[in-house]
Structure formats: structure tokens, C-alpha cells
Amino acid sequence: MISPQPAHKEQTSMGTIMSHKAFGMYAEDCLDAVCREVARLESILSRYIPESDVSRINQNAGRNFVEVNPETFNILARSLELSAICDGNFDITIAPLVNLWNIGKNSFTQPPIREMKQVLELVNYRDLILDASSKKVGLSRPRQAIDLGGIGKGYTGDCILEIFRDFGVTSAYSNLGGNVVTLGAKPDGTPWNIGIQHPRLVDSLIGSLAVIDRSIVTSGSYQRFSNDSLGNQFHHIIDPATGYPVESGLVSVTIVSDNAMTADVLSTALFVMGVNRGMELLMSFPKTEAILMDSEEKVFVSKGLKGHFQPNEGIEYTILE
Ligand code: ADP
Ligand code: MG
């Protein structure tokens with residue numbers, strides 16, 4: 001019988017606090033391996049670590065192609081595919097704009113419009129060139145740069161699930177700061193209950209989701225934002241079409257999927273695209289569902305989540321058929 005007490009580990013990585021739980025005989029060893037895997041992925045994917053594959057690509061923008069490890073190559077290839085499917089609303093070459101807006105920092109001033117327009121020119125995922133035979137990667141123009149902040153934790157979630165399985169774990173959960181992955185059901189066979197944070201109320205939920213074997217990724221304007229001297233808040237998702245922090249009318253997007261990487265990308269893309277265009281895009285992804293909240297705090301739930309989503313008291317929601 002599986003012990004009812006999970007092994008539990010917390011770790012700080014990728015700019016967030018992560019919490020991993022696993023049940024079963026080898027759960028402790030499994031979570032050690034999970035923590036090592038997360039650290040390994042951060043060391044290749046972070047653009048804040050100078051020796052990472054991503055940093056080397058950025059340092060060589062407009063000059064040289066650099067050889068990256070096959071895993072990085074595959075992540076970049078998938079990023080480009082998804083950028084195209086999302087019509088450029090998700091774009092990993094967003095880094096120069098993220099820097100310009102000083103995202104995540106609190107010493108914040110709105111950039112001059114002229115400078116912003118110049119930087120906006122640098123953002124185009126088509127300028128990331130991948131050569132499959134040599135596994136070499138390059139950015140076409142100087143000052144271009146990639147940022148995997150909108151996909152890296154998703155990919156990491158999928159890798160964590162693989163490690164759980166390698167250790168024979170059949171019931172596990174990992175929270176990577178807004179990205180949750182679940183393996184199987186809880187040991188008693190009931191679904192995991194995953195809370196969806198209310199984007200405006202501290203310690204309050206929009207509702208909860210009952211899931212088995214699913215990844216749940218939320219992009220919300222509450223997670224990371226900066227204040228300017230006038231008290232305006234600017235959050236961390238940028239519209240690659242305008243160069244400004246997104247104003248699509250959405251304040252929170254949760255994606256539920258069997259693939260954490262896809263869920264991560266879609267949470268960002270739908271946040272940029274808004275309810276109508278976003279839901280249309282979602283239709284092209286099978287077994288992928290969404291919970292959206294707009295700025296009037298109206299909640300929209302895709303129809304596949306009927307019976308799985310439990311709203312908190314006072315939350316009104318519409319099922320999108
Ligand atoms: P979080 O990192 O809080 O989970 P997201 O998954 O939505 O949130 O990713 C947002 C991060 O992705 C930003 O911090 C930035 O690094 C990057 N980013 C911002 N806008 C875009 C965009 N339009 N396309 C791709 N990445 C983006
Ligand atoms: Mg995302």
C-alpha cells in the first residue's frame with residue numbers, strides 16, 4: 001500500500017519557489033532527482049546565467065551561430081512552431097522588450113515611445129534560425145535576444161512528470177509557481193484539487209479544478225508587475241504587436257492540458273489575444289481547456305471543464321459552448 005504521507009521538497013529556481021510532492025516507495029529519491037533536473041534545466045535555459053545555451057545565443061546575436069545541446073534545440077524548434085500557431089502573439093524573441101520595460105524590477109519608468117518602437121523592431125521569432133543538421137542556432141540581427149520565461153517552466157513540468165514515472169511513482173504533484181503538473185490521481189484515487197488564484201484578491205481563489213493527469217498553467221496580471229511613480233501598474237506579459245504590456249481585457253488565463261509546455265505557451269498567448277481570438281485558437285488544440293477572467297471579473301470556462309470546475313462563493317461564470 002502507498003504511504004498516505006507524501007515526500008515533500010521545496011526549491012527556489014527559475015525566479016520562483018517550487019514545491020514537489022510524491023507518494024510511493026522511492027518518493028524521497030525521486031524528489032532529489034526532480035530538484036537536480038530543475039537546476040539542470042535552469043542552467044541551460046536561463047538568460048540570466050551567462051554560460052547557458054540561451055545566453056550564448058543572445059551574446060552572439062547578429063554575429064555567429066552557436067552549437068546548443070539537442071534538448072535546447074528541440075525546445076527552440078517547438079517554441080517557433082507554437083509562435084507560428086499562435087500567430088506571433090507568443091514570441092520568444094520578446095527579450096529586448098522585457099528588458100526595456102524592466103519587467104520584474106520595481107525601479108520602473110515607462111520607456112520613451114521612440115525607443116520602444118526601435119526595440120519593437122527587434123522582436124520577430126522568424127529571425128531565430130535553427131540548423132537541424134549542425135544543431136546550431138543564431139539570431140539574425142544584433143541586439144536581438146530570446147527569453148524562455150513563457151515556456152521554460154512548462155517544459156520543466158513535462159520533464160518532472162517523466163522523472164516521477166522513471167521512479168515508479170504513480171501519484172505526484174508539482175507546483176512551479178503558477179504552473180502545476182499532476183501525475184495520476186491522489187493515492188486514494190480521487191482527483192487533485194487545484195486552486196485557481198484570484199488575480200485581484202490576495203489569498204482568494206476564482207475556484208478550484210478537479211483533475212487527474214493534467215497540467216494547469218495560469219498567467220495572471222497579478223504575478224509579476226511593476227509600479228511607476230504615478231502608481232500605474234504594468235504586468236509582465238507584453239503584446240509583441242504593440243510593444244506595450246498587454247491590455248486584452250483579460251486579467252487571468254488558466255490552461256488545462258496533458259502537455260505542460262503547450263499549456264504554458266497558450267496561457268501567455270491567450271492572455272495577449274483576449275477572449276474571442278483566444279478561444280478560437282484553443283479550438284485547434286485537442287484535450288486543452290481554459291478558464292478566463294476578464295477585467296470586469298467575469299469568468300469564462302471552456303465546456304470540457306464542466307463538472308471539473310468548482311467556483312468560489314460569489315464567482316459567476318459562463319460555460320463557453
Ligand atoms: P509566468 O512566468 O509568471 O508564469 P507566463 O508564463 O505568462 O508567466 O510568462 C511570462 C514571461 O514570458 C514574462 O516574464 C516574459 O519573460 C515572457 N513573455 C512576456 N510576454 C511574452 C510574449 N508575448 N511571448 C512570449 N514570452 C513572453
Ligand atoms: Mg505562460
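Both counts, for ligands and for their atoms, begin at 1 and track the order of listing. Keep in mind that the numbers below use all heavy atoms, side chains included, and drop hydrogens, waters and symmetry copies.
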Only heavy atoms of [X], strictly under 4.0 Å: list the atoms of ligand 1 that pass.
X      : answer
Asp264 : 6 (O)
Ile94  : 18 (N), 26 (N), 27 (C)
Ile237 : 7 (O), 19 (C), 20 (N)
His236 : 1 (P), 3 (O), 8 (O), 10 (C), 13 (C), 14 (O), 19 (C)

Can you tell me the angle formed at the Mg ion (ligand 2) by O of Asp264 and OG1 of Thr268, to 10°?
->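 The two atoms subtend 90° at the Mg ion (ligand 2).
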
Have a look at ligand 1 and work out which part of Asp147, if any, has a heavy atom under 4.0 Å from it: side chain, backbone, both or neither.
->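 The part of Asp147 near ligand 1 is the side chain, not the backbone.
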
Drop me the distance from [X]'s [atom1] to [Y]'s [atom2], to the nearest 0.5 angstrom.
X      : Y      : atom1 : atom2 : value
Ile57  : Ile146 : CD1   : CD1   : 4.0 Å
Leu281 : Met283 : CG    : CE    : 10.5 Å
Ser52  : Gln59  : OG    : CD    : 7.5 Å

Please determine if Ser267 has a nitrogen or oxygen closer than 3.5 Å to a nitrogen or oxygen of ligand 1.
->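 N/O-N/O distance below 3.5 Å does not exist for this pair.
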
Are any of the N or O atoms of Thr268 closer than 3.5 Å to those of ligand 1?
->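 Such a contact does occur with ligand 1.
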
Between [options], flag the one that comes closest to [atom] by a heavy atom.
atom                    : options                        : answer
atom 11 (C) of ligand 1 : Ser83, Gly149, Cys86           : Gly149
atom 25 (C) of ligand 1 : Asp91, Val98, Thr16            : Asp91
atom 7 (O) of ligand 1  : Gly178, Gly220, Ala269, Ser219 : Ser219

Applying a strict 4.0 Å limit to heavy atoms, is Pro240 in contact with ligand 1?
->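 So Pro240 counts as touching ligand 1.
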
Within-shell test, Asn89 vs ligand 1, heavy atom, strictly < 4.0 Å |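 Flag set, Asn89 near ligand 1.
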
Taking the six-membered ring for Trp, are Tyr317 and Phe309 parallel (under 30°), tilted (30 to 60°) or perpendicular (over 60°)?
->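 Ring orientation, 0 to 90° scale: perpendicular.
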
Between Asn99 and Arg47, do the side chains contain an N or O donor and an N or O acceptor separated by less than 3.5 Å?
->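 Per modelled atom types, Asn99 and Arg47 side chains form a pair under 3.5 Å.
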
Lys/Arg-Asp/Glu bridge criterion (N-O < 4.0 Å) met for Lys9, Asp32 |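 The answer is yes: the pair qualifies as a salt bridge.
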
Ionic contact status for Asp264 with Lys153, cut-off 4.0 Å |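 Answer for the salt bridge query: no.
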
Cluster partners of Leu122, using ILVMFWY side-chain heavy atoms under 4.5 angstrom, listed by chain and number?
->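 So far as hydrophobic clustering goes, Leu122 is joined with none.
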
Would you mind listing the cluster partners of Phe65? Hydrophobic ones only (ILVMFWY), side-chain contacts under 4.5 Å, chaining allowed.
->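 Direct or chained contacts put Phe65 with Ile129.
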
Is Ser219 close enough that one of its N/O/S atoms sits under 2.8 Å from the Mg ion (ligand 2)?
->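 No N, O or S atom of Ser219 is closer than 2.8 Å to the Mg ion (ligand 2), so no.
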
